[in-house]
Amino acid sequence: MMDIRFQNGGPSAWKAEAALTFVFEGEGPDQACHALEQAAPWLGIAPAWRDVKGKKGEIVTLYGPPAMDLPRVQALGLGRRDAVTTVDLRHAVGSAIRLCREQGVSSVGVDLASLERVAPALKLDRAALAREVVLAALLGLYRYDRWLSDRDSLPADPGRLLLLLDDAFVPDDVREAARLAEAEAAGLCLARDLANSPANVMTPSAFAEAARELAERGGMKFRVLGPAELEAERMGAFLAVARGARQEARMVVLEYAPQGTEHERPVVLVGKGITFDSGGISIKPSAGMADMKGDMSGAAAVLGVFEALARLAPHRRPSRPVLGLMPCTENMPGGNAAHPGDIVIARSGASIEIVNTDAEGRLILADALDYGQEGREPALLVDIATLTGACAVALGKDAAGLFCEDDSLAAALLDAGKRLGERSWRLPIWETSKEALKSNVADMVNSGPREGGALHAAWFLRQFVRPGTPWAHLDIAAADNTESPINAKGASGFGVRTLLDMVW
(Lines give C-alpha, C1' and ligand atoms only; values in the text may rest on other atoms or scores of the structure.)
Protein backbone atom coordinates (compact mmCIF):
# COMPACT_ATOMS: atom_id res chain seq x y z
CA MET A 1 0.00 0.00 0.00
CA MET A 2 1.23 3.51 -0.81
CA ASP A 3 3.02 5.44 1.89
CA ILE A 4 1.06 8.58 2.86
CA ARG A 5 3.21 11.63 3.63
CA PHE A 6 2.78 15.37 4.09
CA GLN A 7 4.62 18.30 2.55
CA ASN A 8 3.78 21.45 4.46
CA GLY A 9 5.42 24.85 4.23
CA GLY A 10 3.77 26.01 1.01
CA PRO A 11 4.63 25.78 -2.69
CA SER A 12 8.37 26.28 -2.25
CA ALA A 13 8.56 23.02 -0.28
CA TRP A 14 6.52 20.85 -2.65
CA LYS A 15 8.23 18.15 -4.66
CA ALA A 16 6.71 15.16 -6.49
CA GLU A 17 6.94 13.44 -9.86
CA ALA A 18 3.30 14.34 -10.54
CA ALA A 19 0.69 16.46 -8.82
CA LEU A 20 -3.10 16.23 -8.94
CA THR A 21 -5.18 19.38 -9.05
CA PHE A 22 -8.95 19.89 -9.34
CA VAL A 23 -10.67 21.98 -11.99
CA PHE A 24 -14.28 23.06 -12.46
CA GLU A 25 -15.68 23.85 -15.88
CA GLY A 26 -14.41 27.08 -17.39
CA GLU A 27 -11.52 27.64 -14.98
CA GLY A 28 -7.97 28.59 -15.83
CA PRO A 29 -4.84 27.84 -13.81
CA ASP A 30 -5.07 31.09 -11.81
CA GLN A 31 -8.49 30.08 -10.53
CA ALA A 32 -8.03 26.33 -10.28
CA CYS A 33 -4.57 25.97 -8.79
CA HIS A 34 -3.04 29.28 -7.75
CA ALA A 35 -0.74 27.72 -5.12
CA LEU A 36 0.35 24.91 -7.43
CA GLU A 37 1.15 27.47 -10.12
CA GLN A 38 3.62 29.04 -7.69
CA ALA A 39 5.29 25.65 -7.16
CA ALA A 40 5.32 24.91 -10.91
CA PRO A 41 5.76 28.29 -12.68
CA TRP A 42 5.55 26.61 -16.08
CA LEU A 43 1.94 25.57 -15.41
CA GLY A 44 0.28 28.79 -16.50
CA ILE A 45 1.95 28.73 -19.90
CA ALA A 46 1.74 24.97 -20.54
CA PRO A 47 0.26 24.57 -24.05
CA ALA A 48 -1.84 21.59 -22.94
CA TRP A 49 -3.78 23.84 -20.56
CA ARG A 50 -5.84 24.82 -23.60
CA ASP A 51 -7.14 21.24 -23.58
CA VAL A 52 -8.42 21.55 -20.02
CA LYS A 53 -12.18 22.10 -20.08
CA GLY A 54 -12.93 20.95 -16.53
CA LYS A 55 -15.52 18.46 -17.76
CA LYS A 56 -16.51 15.66 -15.39
CA GLY A 57 -14.21 12.66 -15.80
CA GLU A 58 -11.61 14.61 -17.80
CA ILE A 59 -7.90 14.11 -17.06
CA VAL A 60 -5.31 16.20 -18.88
CA THR A 61 -1.60 15.60 -18.27
CA LEU A 62 0.45 18.80 -18.31
CA TYR A 63 4.23 18.57 -18.68
CA GLY A 64 6.91 21.01 -17.59
CA PRO A 65 10.71 20.88 -17.61
CA PRO A 66 11.89 17.50 -16.27
CA ALA A 67 14.31 19.11 -13.82
CA MET A 68 11.55 20.97 -11.97
CA ASP A 69 10.42 19.87 -8.50
CA LEU A 70 6.95 19.37 -10.00
CA PRO A 71 7.49 18.37 -13.63
CA ARG A 72 4.01 16.95 -14.31
CA VAL A 73 0.46 17.90 -13.30
CA GLN A 74 -2.75 15.97 -13.79
CA ALA A 75 -5.68 18.37 -14.14
CA LEU A 76 -8.82 16.53 -12.99
CA GLY A 77 -12.14 17.81 -14.29
CA LEU A 78 -15.03 17.84 -11.81
CA GLY A 79 -17.70 19.34 -14.06
CA ARG A 80 -19.95 22.19 -12.97
CA ARG A 81 -19.32 23.57 -9.51
CA ASP A 82 -23.03 23.47 -8.65
CA ALA A 83 -23.36 19.81 -9.69
CA VAL A 84 -20.21 18.19 -8.27
CA THR A 85 -20.59 15.21 -5.92
CA THR A 86 -18.22 13.38 -3.62
CA VAL A 87 -18.48 10.40 -5.97
CA ASP A 88 -17.13 12.62 -8.76
CA LEU A 89 -14.16 13.53 -6.58
CA ARG A 90 -13.44 9.92 -5.62
CA HIS A 91 -13.65 8.72 -9.21
CA ALA A 92 -11.45 11.55 -10.46
CA VAL A 93 -8.72 10.66 -7.98
CA GLY A 94 -9.05 6.92 -8.64
CA SER A 95 -8.74 7.42 -12.40
CA ALA A 96 -5.78 9.78 -12.01
CA ILE A 97 -3.83 7.53 -9.67
CA ARG A 98 -4.27 4.65 -12.11
CA LEU A 99 -3.00 6.86 -14.92
CA CYS A 100 0.03 7.77 -12.78
CA ARG A 101 0.69 4.06 -12.33
CA GLU A 102 0.54 3.50 -16.08
CA GLN A 103 2.91 6.41 -16.60
CA GLY A 104 5.45 4.96 -14.18
CA VAL A 105 5.14 7.77 -11.63
CA SER A 106 6.59 6.86 -8.23
CA SER A 107 5.40 9.85 -6.14
CA VAL A 108 2.08 11.66 -6.50
CA GLY A 109 1.25 14.94 -4.81
CA VAL A 110 -2.27 16.17 -4.13
CA ASP A 111 -2.80 19.93 -4.18
CA LEU A 112 -4.84 20.47 -1.02
CA ALA A 113 -5.09 24.19 -1.72
CA SER A 114 -6.96 23.31 -4.91
CA LEU A 115 -8.98 20.73 -3.00
CA GLU A 116 -9.95 23.37 -0.43
CA ARG A 117 -11.77 25.24 -3.18
CA VAL A 118 -13.95 22.17 -3.71
CA ALA A 119 -14.98 22.02 -0.05
CA PRO A 120 -17.79 24.63 -0.15
CA ALA A 121 -19.34 22.98 -3.21
CA LEU A 122 -19.51 19.65 -1.38
CA LYS A 123 -20.30 21.17 2.03
CA LEU A 124 -17.33 19.33 3.53
CA ASP A 125 -14.19 20.70 5.15
CA ARG A 126 -10.68 20.17 3.87
CA ALA A 127 -9.93 17.33 6.28
CA ALA A 128 -13.02 15.38 5.22
CA LEU A 129 -12.07 15.78 1.57
CA ALA A 130 -8.47 14.80 2.28
CA ARG A 131 -9.83 11.59 3.79
CA GLU A 132 -11.81 10.88 0.63
CA VAL A 133 -8.84 11.64 -1.62
CA VAL A 134 -6.48 9.37 0.30
CA LEU A 135 -9.05 6.57 0.37
CA ALA A 136 -9.84 6.94 -3.34
CA ALA A 137 -6.15 6.80 -4.25
CA LEU A 138 -5.54 3.66 -2.21
CA LEU A 139 -8.67 1.94 -3.52
CA GLY A 140 -7.98 2.99 -7.09
CA LEU A 141 -4.71 1.06 -7.00
CA TYR A 142 -6.28 -2.11 -5.59
CA ARG A 143 -6.05 -5.17 -7.81
CA TYR A 144 -6.50 -8.85 -7.07
CA ASP A 145 -3.52 -10.37 -8.85
CA ARG A 146 -2.56 -13.24 -6.56
CA TRP A 147 -3.01 -15.90 -9.24
CA LEU A 148 -1.34 -14.14 -12.18
CA SER A 149 1.91 -15.80 -13.20
CA ASP A 150 3.29 -12.62 -14.80
CA ARG A 151 2.73 -10.18 -11.95
CA ASP A 152 6.22 -8.79 -12.41
CA SER A 153 5.14 -7.38 -15.77
CA LEU A 154 2.37 -5.29 -14.21
CA PRO A 155 3.11 -1.58 -13.75
CA ALA A 156 4.27 -0.78 -10.24
CA ASP A 157 2.11 1.28 -7.93
CA PRO A 158 3.33 4.76 -6.99
CA GLY A 159 5.24 4.37 -3.73
CA ARG A 160 4.18 7.63 -2.09
CA LEU A 161 1.09 9.85 -1.94
CA LEU A 162 2.10 13.33 -0.81
CA LEU A 163 -0.47 15.74 0.63
CA LEU A 164 0.73 19.22 -0.39
CA LEU A 165 -0.19 21.80 2.25
CA ASP A 166 -0.01 25.57 2.16
CA ASP A 167 0.41 25.53 5.96
CA ALA A 168 3.45 25.98 8.16
CA PHE A 169 2.58 22.78 10.02
CA VAL A 170 0.42 19.75 9.26
CA PRO A 171 -3.01 20.41 10.80
CA ASP A 172 -4.11 17.73 13.25
CA ASP A 173 -7.47 17.24 11.52
CA VAL A 174 -5.82 16.55 8.16
CA ARG A 175 -3.36 14.14 9.74
CA GLU A 176 -6.19 12.29 11.51
CA ALA A 177 -8.26 12.17 8.34
CA ALA A 178 -5.40 10.57 6.41
CA ARG A 179 -4.81 8.02 9.17
CA LEU A 180 -8.52 7.08 9.18
CA ALA A 181 -8.52 6.75 5.39
CA GLU A 182 -5.53 4.40 5.49
CA ALA A 183 -7.31 2.21 8.06
CA GLU A 184 -10.53 2.19 6.03
CA ALA A 185 -8.61 1.27 2.89
CA ALA A 186 -6.89 -1.61 4.70
CA GLY A 187 -10.28 -2.90 5.84
CA LEU A 188 -11.82 -2.56 2.40
CA CYS A 189 -8.88 -4.23 0.68
CA LEU A 190 -9.00 -7.15 3.11
CA ALA A 191 -12.73 -7.56 2.51
CA ARG A 192 -12.14 -7.47 -1.26
CA ASP A 193 -9.31 -10.01 -1.05
CA LEU A 194 -11.47 -12.40 0.96
CA ALA A 195 -14.49 -12.13 -1.34
CA ASN A 196 -12.40 -12.28 -4.53
CA SER A 197 -10.64 -15.44 -3.39
CA PRO A 198 -11.84 -18.67 -5.02
CA ALA A 199 -13.93 -21.01 -2.92
CA ASN A 200 -11.34 -23.79 -3.07
CA VAL A 201 -8.99 -21.44 -1.20
CA MET A 202 -11.30 -19.28 0.93
CA THR A 203 -12.93 -22.11 2.86
CA PRO A 204 -14.60 -21.59 6.24
CA SER A 205 -11.40 -22.79 7.93
CA ALA A 206 -9.26 -20.41 5.85
CA PHE A 207 -11.55 -17.52 6.75
CA ALA A 208 -11.22 -18.43 10.42
CA GLU A 209 -7.43 -18.47 10.11
CA ALA A 210 -7.48 -15.00 8.55
CA ALA A 211 -9.56 -13.79 11.51
CA ARG A 212 -7.20 -15.49 13.98
CA GLU A 213 -4.18 -13.73 12.48
CA LEU A 214 -5.95 -10.38 12.61
CA ALA A 215 -6.98 -10.93 16.24
CA GLU A 216 -3.42 -11.76 17.30
CA ARG A 217 -2.08 -8.70 15.53
CA GLY A 218 -4.79 -6.40 16.86
CA GLY A 219 -4.96 -7.63 20.45
CA MET A 220 -8.53 -8.89 20.08
CA LYS A 221 -10.34 -11.85 21.55
CA PHE A 222 -10.86 -14.68 19.09
CA ARG A 223 -12.99 -17.78 19.23
CA VAL A 224 -14.00 -20.22 16.55
CA LEU A 225 -16.85 -22.70 16.83
CA GLY A 226 -16.60 -25.90 14.80
CA PRO A 227 -19.35 -28.49 14.23
CA ALA A 228 -19.22 -29.88 17.76
CA GLU A 229 -19.43 -26.42 19.34
CA LEU A 230 -22.23 -25.42 16.98
CA GLU A 231 -24.11 -28.54 18.00
CA ALA A 232 -23.56 -27.70 21.66
CA GLU A 233 -24.89 -24.20 21.00
CA ARG A 234 -28.06 -25.73 19.48
CA MET A 235 -27.52 -24.01 16.13
CA GLY A 236 -29.78 -26.31 14.18
CA ALA A 237 -30.55 -23.84 11.40
CA PHE A 238 -26.86 -23.12 10.75
CA LEU A 239 -25.93 -26.81 10.83
CA ALA A 240 -28.72 -27.68 8.40
CA VAL A 241 -27.06 -25.47 5.76
CA ALA A 242 -23.63 -26.96 6.48
CA ARG A 243 -24.70 -30.60 6.26
CA GLY A 244 -24.10 -31.04 2.52
CA ALA A 245 -20.56 -29.66 2.51
CA ARG A 246 -17.32 -31.56 3.02
CA GLN A 247 -15.69 -28.38 4.28
CA GLU A 248 -16.48 -28.04 7.98
CA ALA A 249 -18.51 -25.04 9.11
CA ARG A 250 -17.00 -22.37 11.31
CA MET A 251 -18.52 -19.62 13.42
CA VAL A 252 -15.88 -16.91 13.83
CA VAL A 253 -16.22 -14.71 16.90
CA LEU A 254 -14.07 -11.59 17.28
CA GLU A 255 -14.30 -9.11 20.14
CA TYR A 256 -12.51 -5.81 20.54
CA ALA A 257 -13.03 -4.30 23.98
CA PRO A 258 -10.57 -1.46 24.64
CA GLN A 259 -9.67 -0.94 28.28
CA GLY A 260 -12.46 0.82 30.14
CA THR A 261 -15.24 -0.34 27.80
CA GLU A 262 -15.68 -3.86 29.16
CA HIS A 263 -18.94 -3.06 30.97
CA GLU A 264 -20.53 -1.08 28.16
CA ARG A 265 -23.25 -2.57 25.97
CA PRO A 266 -21.57 -3.81 22.78
CA VAL A 267 -22.04 -3.11 19.10
CA VAL A 268 -22.72 -6.50 17.51
CA LEU A 269 -22.01 -6.97 13.80
CA VAL A 270 -23.13 -10.16 12.07
CA GLY A 271 -21.97 -11.05 8.56
CA LYS A 272 -23.20 -13.83 6.30
CA GLY A 273 -20.31 -16.11 5.37
CA ILE A 274 -21.43 -18.57 2.70
CA THR A 275 -18.02 -19.28 1.15
CA PHE A 276 -19.71 -20.92 -1.84
CA ASP A 277 -23.41 -21.10 -2.58
CA SER A 278 -24.52 -23.76 -5.04
CA GLY A 279 -28.09 -23.43 -3.78
CA GLY A 280 -27.93 -26.89 -2.21
CA ILE A 281 -30.58 -29.36 -3.38
CA SER A 282 -32.50 -26.35 -4.77
CA ILE A 283 -29.51 -25.85 -7.04
CA LYS A 284 -28.87 -22.57 -8.83
CA PRO A 285 -28.60 -22.22 -12.62
CA SER A 286 -25.03 -22.64 -13.84
CA ALA A 287 -24.90 -19.15 -15.36
CA GLY A 288 -23.30 -16.85 -12.85
CA MET A 289 -22.65 -19.55 -10.27
CA ALA A 290 -18.93 -18.76 -10.30
CA ASP A 291 -19.77 -15.47 -8.60
CA MET A 292 -21.16 -17.37 -5.63
CA LYS A 293 -17.67 -17.45 -4.13
CA GLY A 294 -18.61 -13.94 -3.04
CA ASP A 295 -21.64 -14.99 -0.99
CA MET A 296 -19.47 -14.39 2.07
CA SER A 297 -19.14 -10.66 1.39
CA GLY A 298 -21.09 -9.82 4.53
CA ALA A 299 -18.65 -11.73 6.72
CA ALA A 300 -15.76 -10.19 4.77
CA ALA A 301 -17.11 -6.70 5.48
CA VAL A 302 -17.34 -7.42 9.20
CA LEU A 303 -13.76 -8.71 9.26
CA GLY A 304 -12.76 -5.60 7.31
CA VAL A 305 -14.15 -3.44 10.11
CA PHE A 306 -11.91 -5.24 12.60
CA GLU A 307 -8.92 -4.75 10.30
CA ALA A 308 -9.59 -1.02 10.32
CA LEU A 309 -9.96 -1.02 14.11
CA ALA A 310 -6.66 -2.86 14.47
CA ARG A 311 -4.93 -0.29 12.25
CA LEU A 312 -6.34 2.61 14.26
CA ALA A 313 -5.49 1.19 17.68
CA PRO A 314 -4.44 2.41 20.12
CA HIS A 315 -4.62 5.95 18.76
CA ARG A 316 -8.35 5.83 18.09
CA ARG A 317 -10.62 3.40 19.89
CA PRO A 318 -14.37 2.81 20.09
CA SER A 319 -16.07 3.80 23.33
CA ARG A 320 -17.79 0.41 23.66
CA PRO A 321 -16.96 -3.20 22.82
CA VAL A 322 -17.38 -4.39 19.25
CA LEU A 323 -18.40 -8.02 18.70
CA GLY A 324 -18.17 -9.56 15.25
CA LEU A 325 -19.96 -12.81 14.39
CA MET A 326 -19.20 -14.46 11.07
CA PRO A 327 -21.00 -17.78 10.46
CA CYS A 328 -19.16 -19.49 7.59
CA THR A 329 -20.07 -22.56 5.58
CA GLU A 330 -20.54 -23.79 2.05
CA ASN A 331 -24.05 -24.56 0.80
CA MET A 332 -23.70 -27.72 -1.25
CA PRO A 333 -25.86 -30.57 -2.57
CA GLY A 334 -24.96 -34.08 -1.49
CA GLY A 335 -26.22 -37.20 0.20
CA ASN A 336 -26.22 -35.49 3.59
CA ALA A 337 -27.59 -32.15 2.44
CA ALA A 338 -30.78 -30.67 3.82
CA HIS A 339 -33.84 -31.54 1.75
CA PRO A 340 -36.69 -29.24 0.81
CA GLY A 341 -39.35 -30.13 3.36
CA ASP A 342 -36.96 -30.71 6.27
CA ILE A 343 -37.81 -29.13 9.62
CA VAL A 344 -35.00 -27.78 11.79
CA ILE A 345 -34.91 -26.14 15.19
CA ALA A 346 -33.06 -22.84 15.41
CA ARG A 347 -31.02 -21.82 18.44
CA SER A 348 -33.91 -19.64 19.61
CA GLY A 349 -36.17 -22.71 19.74
CA ALA A 350 -38.22 -21.74 16.68
CA SER A 351 -39.01 -24.50 14.19
CA ILE A 352 -38.34 -23.78 10.52
CA GLU A 353 -39.58 -25.72 7.52
CA ILE A 354 -36.94 -25.52 4.78
CA VAL A 355 -38.90 -25.19 1.56
CA ASN A 356 -35.95 -23.85 -0.44
CA THR A 357 -32.36 -24.77 0.38
CA ASP A 358 -31.17 -21.75 -1.61
CA ALA A 359 -32.66 -19.48 1.06
CA GLU A 360 -29.79 -20.50 3.32
CA GLY A 361 -28.31 -17.16 4.37
CA ARG A 362 -31.21 -16.32 6.64
CA LEU A 363 -30.82 -19.70 8.36
CA ILE A 364 -27.21 -19.16 9.40
CA LEU A 365 -27.96 -15.54 10.34
CA ALA A 366 -30.90 -16.60 12.52
CA ASP A 367 -28.64 -18.63 14.81
CA ALA A 368 -25.86 -16.03 14.76
CA LEU A 369 -28.28 -13.24 15.67
CA ASP A 370 -29.60 -15.23 18.60
CA TYR A 371 -26.08 -16.07 19.78
CA GLY A 372 -25.03 -12.44 19.58
CA GLN A 373 -27.82 -11.24 21.84
CA GLU A 374 -27.67 -13.82 24.61
CA GLY A 375 -26.42 -12.20 27.82
CA ARG A 376 -25.23 -9.07 26.01
CA GLU A 377 -28.08 -6.57 25.46
CA PRO A 378 -26.43 -4.99 22.40
CA ALA A 379 -26.39 -1.21 22.07
CA LEU A 380 -27.06 -1.98 18.43
CA LEU A 381 -27.18 -5.11 16.32
CA VAL A 382 -26.52 -4.95 12.58
CA ASP A 383 -26.39 -7.84 10.15
CA ILE A 384 -25.03 -7.56 6.64
CA ALA A 385 -25.61 -10.15 3.94
CA THR A 386 -25.82 -10.84 0.23
CA LEU A 387 -29.27 -12.12 0.99
CA THR A 388 -31.78 -11.75 -1.85
CA GLY A 389 -31.80 -11.23 -5.58
CA ALA A 390 -35.13 -9.53 -5.01
CA CYS A 391 -33.33 -6.62 -3.36
CA ALA A 392 -31.12 -6.22 -6.41
CA VAL A 393 -34.20 -6.18 -8.64
CA ALA A 394 -35.81 -3.51 -6.46
CA LEU A 395 -32.84 -1.14 -6.10
CA GLY A 396 -30.53 -1.85 -9.01
CA LYS A 397 -26.74 -2.06 -8.83
CA ASP A 398 -24.53 -0.58 -6.14
CA ALA A 399 -27.17 0.02 -3.50
CA ALA A 400 -28.14 -1.88 -0.36
CA GLY A 401 -31.56 -2.43 1.09
CA LEU A 402 -31.85 -1.20 4.67
CA PHE A 403 -34.45 -2.79 6.91
CA CYS A 404 -34.75 -1.17 10.32
CA GLU A 405 -37.68 -0.32 12.57
CA ASP A 406 -35.59 1.93 14.83
CA ASP A 407 -35.80 5.37 13.21
CA SER A 408 -32.66 6.80 14.82
CA LEU A 409 -30.54 3.79 13.86
CA ALA A 410 -31.97 3.81 10.33
CA ALA A 411 -31.18 7.52 9.97
CA ALA A 412 -27.61 6.97 11.18
CA LEU A 413 -27.02 4.15 8.70
CA LEU A 414 -28.57 6.05 5.80
CA ASP A 415 -26.52 9.15 6.57
CA ALA A 416 -23.29 7.17 6.91
CA GLY A 417 -23.89 5.40 3.61
CA LYS A 418 -24.62 8.65 1.81
CA ARG A 419 -21.48 10.35 3.18
CA LEU A 420 -19.16 7.42 2.69
CA GLY A 421 -20.16 6.16 -0.75
CA GLU A 422 -22.16 3.11 0.40
CA ARG A 423 -25.67 4.02 -0.68
CA SER A 424 -28.63 2.31 0.93
CA TRP A 425 -32.38 2.74 0.78
CA ARG A 426 -34.85 2.03 3.56
CA LEU A 427 -37.39 -0.69 2.85
CA PRO A 428 -40.28 -1.83 5.04
CA ILE A 429 -40.79 -4.85 7.25
CA TRP A 430 -44.48 -5.65 6.96
CA GLU A 431 -46.55 -8.07 8.98
CA THR A 432 -48.05 -9.36 5.74
CA SER A 433 -44.86 -11.40 5.42
CA LYS A 434 -46.06 -13.52 8.32
CA GLU A 435 -48.76 -15.00 6.13
CA ALA A 436 -46.33 -15.37 3.22
CA LEU A 437 -43.98 -17.42 5.45
CA LYS A 438 -46.66 -19.47 7.19
CA SER A 439 -46.01 -23.20 7.50
CA ASN A 440 -48.58 -25.90 8.12
CA VAL A 441 -46.08 -28.00 10.06
CA ALA A 442 -43.63 -25.56 11.69
CA ASP A 443 -43.44 -22.06 13.09
CA MET A 444 -42.45 -20.66 9.69
CA VAL A 445 -41.00 -21.55 6.31
CA ASN A 446 -37.65 -20.16 5.23
CA SER A 447 -38.77 -18.76 1.87
CA GLY A 448 -41.92 -17.19 0.48
CA PRO A 449 -43.17 -15.95 -2.88
CA ARG A 450 -40.89 -14.01 -5.23
CA GLU A 451 -42.98 -10.87 -4.88
CA GLY A 452 -41.55 -8.98 -1.90
CA GLY A 453 -38.79 -11.54 -1.44
CA ALA A 454 -36.39 -9.12 0.26
CA LEU A 455 -39.13 -7.98 2.64
CA HIS A 456 -40.01 -11.56 3.57
CA ALA A 457 -36.35 -12.31 4.29
CA ALA A 458 -36.08 -9.30 6.58
CA TRP A 459 -39.26 -10.29 8.42
CA PHE A 460 -37.82 -13.78 8.88
CA LEU A 461 -34.65 -12.37 10.47
CA ARG A 462 -36.67 -10.11 12.75
CA GLN A 463 -38.15 -13.21 14.38
CA PHE A 464 -34.73 -13.84 15.90
CA VAL A 465 -34.22 -10.33 17.28
CA ARG A 466 -35.25 -9.94 20.90
CA PRO A 467 -37.68 -7.17 21.89
CA GLY A 468 -35.97 -3.88 22.65
CA THR A 469 -32.80 -4.60 20.66
CA PRO A 470 -31.95 -1.84 18.15
CA TRP A 471 -31.47 -3.91 14.99
CA ALA A 472 -30.85 -3.26 11.32
CA HIS A 473 -30.44 -5.58 8.35
CA LEU A 474 -28.40 -4.58 5.28
CA ASP A 475 -29.09 -6.62 2.16
CA ILE A 476 -26.06 -6.02 -0.07
CA ALA A 477 -26.84 -8.49 -2.86
CA ALA A 478 -26.66 -5.68 -5.43
CA ALA A 479 -23.64 -3.89 -4.00
CA ASP A 480 -21.03 -6.53 -3.17
CA ASN A 481 -19.58 -6.80 -6.68
CA THR A 482 -18.99 -3.86 -9.02
CA GLU A 483 -16.49 -1.94 -11.15
CA SER A 484 -15.52 1.74 -11.00
CA PRO A 485 -12.41 3.94 -10.92
CA ILE A 486 -12.00 3.05 -7.25
CA ASN A 487 -13.05 -0.59 -7.57
CA ALA A 488 -11.25 -3.08 -9.78
CA LYS A 489 -13.88 -5.39 -11.26
CA GLY A 490 -14.93 -7.77 -8.49
CA ALA A 491 -15.67 -7.55 -4.80
CA SER A 492 -16.40 -4.06 -3.47
CA GLY A 493 -16.00 -4.40 0.30
CA PHE A 494 -19.35 -2.62 0.63
CA GLY A 495 -20.33 -2.03 4.24
CA VAL A 496 -16.88 -1.65 5.81
CA ARG A 497 -17.07 2.15 6.00
CA THR A 498 -20.70 2.27 7.12
CA LEU A 499 -20.28 -0.32 9.85
CA LEU A 500 -17.04 1.26 11.05
CA ASP A 501 -18.91 4.55 11.37
CA MET A 502 -21.37 2.85 13.74
CA VAL A 503 -18.82 1.76 16.35
CA TRP A 504 -17.62 5.15 17.59
inquiry  = Counting neighbours of NZ on Lys418 that are heavy atoms of other residues, nucleotides or ligands and sit closer than 6.0 Å, is the number greater than 12?
reply    = no

ask   = Any salt bridge between Arg217 and Glu307, counting N to O under 4.0 Å?
value = yes

query = Is it true that the NZ or CZ of Arg192 lies under 6.0 Å from the centre of Tyr142's six-membered ring and within 45 degrees of the ring axis?
reply = yes

ask   = Between Glu102 and Arg98, is there a side-chain N and carboxylate O pair less than 4.0 Å apart?
value = no

ask   = Under 3.5 Å, is there a donor-acceptor pair between the Asp475 and Thr388 side chains?
value = yes

ask   = Just how far is it from atom CG of Leu380 to atom CE of Met502, taken to the nearest 0.5 Å?
value = 7.5 Å

Full working for side chain to side chain donor-acceptor pair (under 3.5 Å) between Glu176 and His315 = CA-CA 10 Å; Glu176 292 302 310; His315 182 77; 2.9 Å; yes

query = Between Asp295 and Thr386, do the side chains contain an N or O donor and an N or O acceptor separated by less than 3.5 Å?
reply = yes

key: NZ/NE/NH1/NH2 to OD/OE distance under 4.0 Å, Asp501 and Arg497   = no

key: Nearest-0.5 Å distance that lies between atom CG in Asn331 and atom CD in Glu360   = 4.5 Å

message = If the threshold is 4.0 Å, N to carboxylate O, is there a salt bridge linking Arg212 and Glu209?
response = yes

request  = Check whether NZ of the Lys or CZ of the Arg Arg320 lies under 6.0 Å from the centre of the six-membered ring of Trp504 and within 45 degrees of that ring's axis.
outcome  = no

task = For the residue pair Thr498 and Glu422, confirm or rule out a side-chain donor-acceptor distance under 3.5 Å.
result = yes

ask   = Any chance CG of Asp145 has more than 12 other-residue heavy atoms, nucleotides or ligands included, within less than 6.0 Å?
value = yes

query = Is there a donor in the side chain of Tyr256 and an acceptor in the side chain of Thr261, or the other way round, less than 3.5 Å apart?
reply = no

request  = Could you tell me which non-hydrogen atom of Ala185 sits nearest to which non-hydrogen atom of Leu135, and how far apart they are?
outcome  = N-CD1, 3.6 Å

Donor on one side chain, acceptor on other, Ser282 and Asp358, under 3.5 Å = no

request  = Look at the aromatic rings of His473 and Trp471 and report parallel, tilted or perpendicular, splitting at 30° and 60°.
outcome  = parallel

inquiry  = Can you tell me how far apart OG (Ser484) and CG (Leu139) are? Round to the nearest 0.5 Å.
reply    = 8.5 Å

inquiry  = Quick check for you: to the nearest 0.5 Å, what is the distance between Asp157 atom CG and Leu141 atom CG?
reply    = 4.5 Å

ask   = Can you list the residues that meet the ring-ring contact (aromatic ring centres under 6.0 Å, His included) rule with Tyr371, with sequence neighbours excluded?
value = none

